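Here the structure comes first, spelled out in structure tokens, and everything after it is commentary.
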Amino acid sequence: MSRERPPEPLDFFIWTVEDVGLWLEEINLGGYRQTFKENGVNGEYLEGMSMFTTEQILRFIRRCHMKWGDFITLCKELRRIKVACLKGEQKVRRPWWAPSCLSVVFVRVAKHNRQSRVVSMKLEP
């Protein structure tokens with residue numbers, strides 16, 4: 001992924017801390033970029049926020065010194081990305097880890113089953 005362009009929304013759950021920072025700039029929450037970086041907020045963390053308890057949400061807001069309205073904006077934008085991924089509104093492209101000889105196959109499968117492409121891109125260590 002390029003470090004100067006906003007990250008691809010399709011890949012939000014594998015975003016690095018730097019990718020999250022670029023995304024924050026894009027959604028006009030760039031003032032939190034350094035705080036998120038210091039707290040190690042990456043794409044996997046953002047994905048897990050949907051399962052946070054009220055106590056965890058409040059702890060996150062305090063730790064990142066976020067205004068309530070900015071937290072709501074963050075959640076709305078994150079939801080928008082998740083919905084776009086599941087609806088298949090993102091550009092289909094070959095993932096960085098797939099060999100070029102599989103590009104055509106991957107794109108066809110992704111176009112055929114939009115939800116599977118989201119799941120297929122998550123790599124477990």
Side-chain angles (χ1 to χ4, degrees):
M1 272 185 252
S2 169
R3 297 295 170 225
E4 298 305 316
R5 287 184 13 219
E8 292 279 342
L10 176 63
D11 304 332
F12 81 93
F13 43 78
I14 59 172
W15 284 352
T16 63
V17 172
E18 292 80 20
D19 292 330
V20 171
L22 290 170
W23 176 67
L24 289 172
E25 295 286 344
E26 185 180 282
I27 63 170
N28 298 318
L29 294 177
Y32 297 104
R33 188 174 185 167
Q34 186 60 35
T35 306
F36 274 47
K37 184 176 183 176
E38 290 168 3
N39 285 288
V41 178
N42 59 14
E44 186 176 358
Y45 187 92
L46 290 175
E47 182 183 22
M49 284 178 61
S50 62
M51 295 180 284
F52 275 15
T53 64
T54 303
E55 183 180 323
Q56 289 172 314
I57 290 170
L58 293 174
R59 196 176 317 131
F60 173 80
I61 290 171
R62 279 193 302 269
R63 189 173 60 236
C64 292
H65 308 287
M66 289 192 87
K67 296 177 183 174
W68 184 248
D70 290 343
F71 179 74
I72 298 297
T73 299
L74 178 81
C75 292
K76 284 181 181 177
E77 291 296 324
L78 191 55
R79 183 177 187 282
R80 183 184 59 77
I81 285 175
K82 288 181 178 184
V83 168
C85 287
L86 293 175
K87 284 184 173 180
E89 295 172 353
Q90 300 302 322
K91 179 181 162 191
V92 175
R93 63 181 178 79
R94 180 179 63 88
W96 61 269
W97 47 264
S100 58
C101 62
L102 295 178
S103 294
V104 174
V105 173
F106 180 82
V107 171
R108 283 184 186 159
V109 169
K111 285 181 178 178
H112 184 264
N113 187 352
R114 299 291 185 168
Q115 290 181 340
S116 72
R117 96 167 176 242
V118 174
V119 173
S120 70
M121 295 203 47
K122 185 165 184 174
L123 300 176
E124 295 297 330

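Heavy atoms only: backbone and side chains are in, while hydrogens, waters and symmetry mates are out. Computed from a predicted model, the values in this text were never measured in an experiment. By convention here, the first residue in the shown sequence is residue 1.
Between the CZ atom of Phe52 and the CZ atom of Arg59 there is a distance of 8.5 Å, given to the nearest 0.5 Å. Separation of atoms CG (Leu24) and CG (Asp19) is listed at 11.0 Å; rounding is to 0.5 Å. Here CG of Asp70 is found 11.0 Å from SG of Cys75. Values are rounded to the nearest 0.5 Å. Here Glu77 contributes atom CD and Asn28 contributes atom CG; the two are 8.5 Å apart, rounded to the nearest 0.5 Å. Rounding to the nearest 0.5 Å gives a distance of 10.5 Å between CG of Leu46 and CD of Glu44. To the nearest 0.5 angstrom, Gln56 atom CD is 3.5 Å from Thr53 atom OG1.
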Review point. When you look at Lys67 and Tyr32, which way does the side chain to side chain contact (heavy atoms under 4.5 Å, CB included) test go after all the steps?
Key: CA-CA 10 Å; Lys67 296 177 183 174; Tyr32 297 104; 3.9 Å; yes
Point to revise | Stepwise side chain to side chain contact (heavy atoms under 4.5 Å, CB included) check, Val83 with Arg80 | key: CA-CA 5 Å; Val83 168; Arg80 183 184 59 77; over 6 Å; no
Review point. Can you list the steps and then say if Tyr45 with Val20 is a side chain to side chain contact (heavy atoms under 4.5 Å, CB included)?
Key: CA-CA 10 Å; Tyr45 187 92; Val20 171; over 6 Å; no
Point to revise | Residue pair Glu18, Thr16: steps toward the side chain to side chain donor-acceptor pair (under 3.5 Å) verdict | key: CA-CA 5 Å; Glu18 292 80 20; Thr16 63; 3.3 Å; yes
Review point. When you look at Trp23 and Leu74, which way does the side chain to side chain contact (heavy atoms under 4.5 Å, CB included) test go after all the steps?
Key: CA-CA 10 Å; Trp23 176 67; Leu74 178 81; 3.5 Å; yes
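Residues Ile57 and Met49 form no side-chain contact, since every pair of their non-hydrogen atoms from C-beta on lies 4.5 Å or further apart.
Screening Asn42, Val17, Leu29, Val41 for a side-chain contact (heavy atoms from CB on, under 4.5 Å) involving Phe36 leaves a single residue, Val41.
Other residues, nucleotides and ligands contribute more than 12 heavy atoms inside 6.0 Å of the CZ atom of Arg63.
Residues Arg33 and Glu25 share a closest heavy-atom pair of NH1-CG, 3.4 Å. Nearest heavy-atom pair across Cys64 and Asn39 is SG-ND2, 4.0 Å.
Residues Leu58 and Met51 do not share a hydrophobic cluster, clusters being chains of Ile/Leu/Val/Met/Phe/Trp/Tyr side chains in contact below 4.5 Å.
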